[in-house]
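Notes to accompany the following structure.
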Amino acid sequence: MKLLILNTLLLTSSVNCFGLTTLTTLHTNTPPSSLSAIANPSRSLPFLSPPSKLDGSMIGDFGFDPMGLSEIQADLTYARWAELKHGRICMLAVLGMVTQEYGPFGSGWHVPGEHFSNMGDPFGAVSSVGFEGNAQIFLAIACIELTNFDKHYDGGEPGDIGWDWLGLLSGKSKEEVDRVKLQELVHCRLGMIAFMGASVQTLIFHQPLLG
């Protein structure tokens, strides 16, 4: 688990180092000979050219697409919707897995009842709660999806489902809102990586998430 945490920290440092570096800084600090053959280097991988669709116009676009997935996407807005959804779910999942297993001072938090007492195996807990518990979860997900399904195609802001009851974005300038959106997107990406690592840790090595 220590190796997983170290890799996550290194990945986060790489995102901050490469993702938030401007092209001006790259050209200033990099010897001319190393980028002489690349007219428009990627912000995240300066030794490669970014795909044509990743022109930097979208928030969080650092030109990172070594597999060329953006080339097969007809609409990057729809892809951003998918990225934000998966990222938000993974952030909630990682928080739930850690809370269920440890809770405050290692006590573990769960809903009262024998069906919800499986704290050592996050994936085993899915079967422990039975049909009724899982049906409630899927019903809640279905309601959220059905009420926001058409927003994927109406040209609106990706990820905006109207949930800002605390008014966290009210009164903020466009620059401040863009900064918050970038923060969420970076955390979404880190959450997906963390969930993948937690899944490997649990399903393959059968070890506690935090050691």
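Quick note: residue numbers are just sequence positions, from 1.
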Identify the heavy atoms of [X] and [Y] that sit nearest to each other, and give their distance.
| X | Y | result |
| --- | --- | --- |
| Ser199 | Phe123 | OG-CZ, 3.4 Å |
| Leu54 | Pro50 | O-CB, 4.0 Å |
| Pro158 | Leu84 | O-CD1, 3.4 Å |
| Leu185 | Gly60 | CD2-CA, 3.6 Å |

Please tell me whether [X] and [Y] are part of a single hydrophobic cluster in this structure, the criterion being side-chain heavy atoms less than 4.5 Å apart.
| X | Y | result |
| --- | --- | --- |
| Val180 | Trp163 | no |
| Ile59 | Leu76 | no |
| Phe64 | Met67 | no |
| Leu95 | Leu190 | no |

How many angstroms lie between [atom1] in [X] and [atom2] in [Y], if you round to the nearest 0.5 Å?
| X | Y | atom1 | atom2 | value |
| --- | --- | --- | --- | --- |
| Thr202 | Gln207 | OG1 | CD | 9.5 Å |
| Phe138 | Phe131 | CZ | CZ | 10.0 Å |
| Ser170 | Leu168 | OG | CG | 7.5 Å |
| Leu139 | Ile144 | CG | CD1 | 10.0 Å |

Listed pairs under 3.5 Å, donor-acceptor, residues 191-198 side chains, sequence neighbours left out:
none

Inter- and intrachain pairs under side chain to side chain donor-acceptor pair (under 3.5 Å), touching residues 53-62, at least two apart
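Passing the test, one end in residues 53-62: Asp55-Ser57.
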Does anything in residues 172-183 pair up under salt bridge (Lys or Arg N to Asp or Glu O under 4.0 Å), and if so which pairs, sequence neighbours excluded?
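For residues 172-183, and leaving out neighbouring residues, the salt bridge (Lys or Arg N to Asp or Glu O under 4.0 Å) pairs sorted by first residue read Glu157-Lys181, Lys174-Asp178.
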Keeping to residues at least two apart or across chains, list the salt bridge (Lys or Arg N to Asp or Glu O under 4.0 Å) pairs with something in residues 73-98.
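Qualifying pairs, neighbours excluded: Arg80-Glu83, Glu83-Arg189, Lys85-Glu145, Arg88-Glu184.
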Report the residues that fulfil side chain to side chain donor-acceptor pair (under 3.5 Å) with Lys151, sequence neighbours left out, ordered by chain and then residue number.
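So Lys151 forms a side chain to side chain donor-acceptor pair (under 3.5 Å) with Asn148.
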Give a yes or no answer on whether the side chain of [X] reaches the backbone of [Y] with a donor-acceptor pair at less than 3.5 Å.
| X | Y | result |
| --- | --- | --- |
| Thr99 | Gly96 | no |
| Asp164 | Leu169 | yes |
| Asn134 | Val126 | yes |

Is there a side-chain contact (heavy atoms from CB on, under 4.5 Å) between Met91 and Cys188 once you walk through the steps?
CA-CA 7 Å; Met91 286 192 290; Cys188 281; 3.6 Å; yes
Would you please name every residue forming a salt bridge (charged side-chain N to carboxylate O under 4.0 Å, His left out) with Asp160, sequence neighbours left out?
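Not a single residue meets the salt bridge (charged side-chain N to carboxylate O under 4.0 Å, His left out) criterion with Asp160.
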